[in-house]
Amino acid sequence: MIEQLDESERAAALDALGEWDFDDARDAITRRFLFPDFSAAFGFMARVALLAEQHDHHPEWSNVWNRVDILLTTHDAGGLSARDVKLAKAIDALLD
């Protein structure tokens, strides 16, 4: 069973994920990524899709031209879990 992060774990995770925001209504983390154009945004989404498959954890996301919005939450846990934090860190590493 996947455990939801408690309040102190959630706070520590958000501190470690400086660019991600907390969505209290969904108990999720979100981030907007901006790219020079649609091709760059779509290429990023393809790389995230491969990561999501490796992590067996899939984002809720949307794309409009050069923008990709990602929301991570663990439905099986009923909210934010360590799986979301791990995938967020892996996504951030794509940009390094």
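Just so you know, these numbers use all the heavy atoms, side chains as well, and skip hydrogens, waters and symmetry mates.
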Are Met45 and Leu94 connected in a single hydrophobic cluster, I mean Ile/Leu/Val/Met/Phe/Trp/Tyr linked by side-chain heavy atoms less than 4.5 Å apart?
yes

Single-linkage hydrophobic cluster Phe22~Leu17, side-chain heavy atoms < 4.5 angstrom:
yes

Count I, L, V, M, F, W, Y as connected when their side-chain heavy atoms are under 4.5 Å apart, and connections chain through other members. Are Trp61 and Leu95 then in the same cluster?
yes

What I'd like to find out is whether the side chain of Arg10 reaches to under 4.5 Å of the side chain of Gln4, using heavy atoms alone.
yes

Return the minimal non-hydrogen interatomic distance between Ala13 and Leu5, and the atom names on each side.
CB-CD1, 4.2 Å

Run the side-chain hydrogen bond (donor to acceptor under 3.5 Å, both in side chains) test against Thr74 and tell me which residues pass, sequence neighbours left out.
Ser81, Asp84

For the CG atom on Asp6, are there more than 12 heavy atoms of other groups (residues, nucleotides or ligands in this structure) within a distance under 6.0 Å?
yes

How long is the span from the CG atom in Leu71 to the CD1 atom in Ile29, to the nearest 0.5 Å?
8.5 Å

Counterpart residues, ring-ring contact (aromatic ring centres under 6.0 Å, His included), relative to Phe44 (two or more places apart)
Phe33, Phe35

If we ignore angles and hydrogens, is there a donor and acceptor under 3.5 Å between the side chains of Ser39 and Asp37?
no

Charged N to carboxylate O below 4.0 Å: is that the case for Arg31 and Asp92?
yes

Taking the side chain from Asn66 and the backbone from Leu34, do they hold a donor-acceptor pair closer than 3.5 Å?
no

How close do Asn63 and Ala41 get, heavy atom to heavy atom, and via which atoms?
ND2-CB, 3.7 Å

Donor-acceptor pair, Arg83 side chain versus Leu72 backbone, under 3.5 Å?
no

As an exercise, state the distance from CD1 of Ile70 to CH2 of Trp20, rounded to the nearest 0.5 Å.
5.0 Å

Tell me the salt bridge (Lys or Arg N to Asp or Glu O under 4.0 Å) pairs involving residues 51-71, sequence neighbours left out?
Arg26-Glu60, Arg32-Asp69, Arg67-Asp69

Output for pair (Ile2 CD1, His75 NE2), nearest 0.5 Å, gives 11.0 Å

hydrophobic_cluster_shared for Val85 and Leu14, side chain cutoff 4.5 Å:
yes

Linked, directly or transitively: Trp65 and Val48 (ILVMFWY side chains, under 4.5 Å):
no

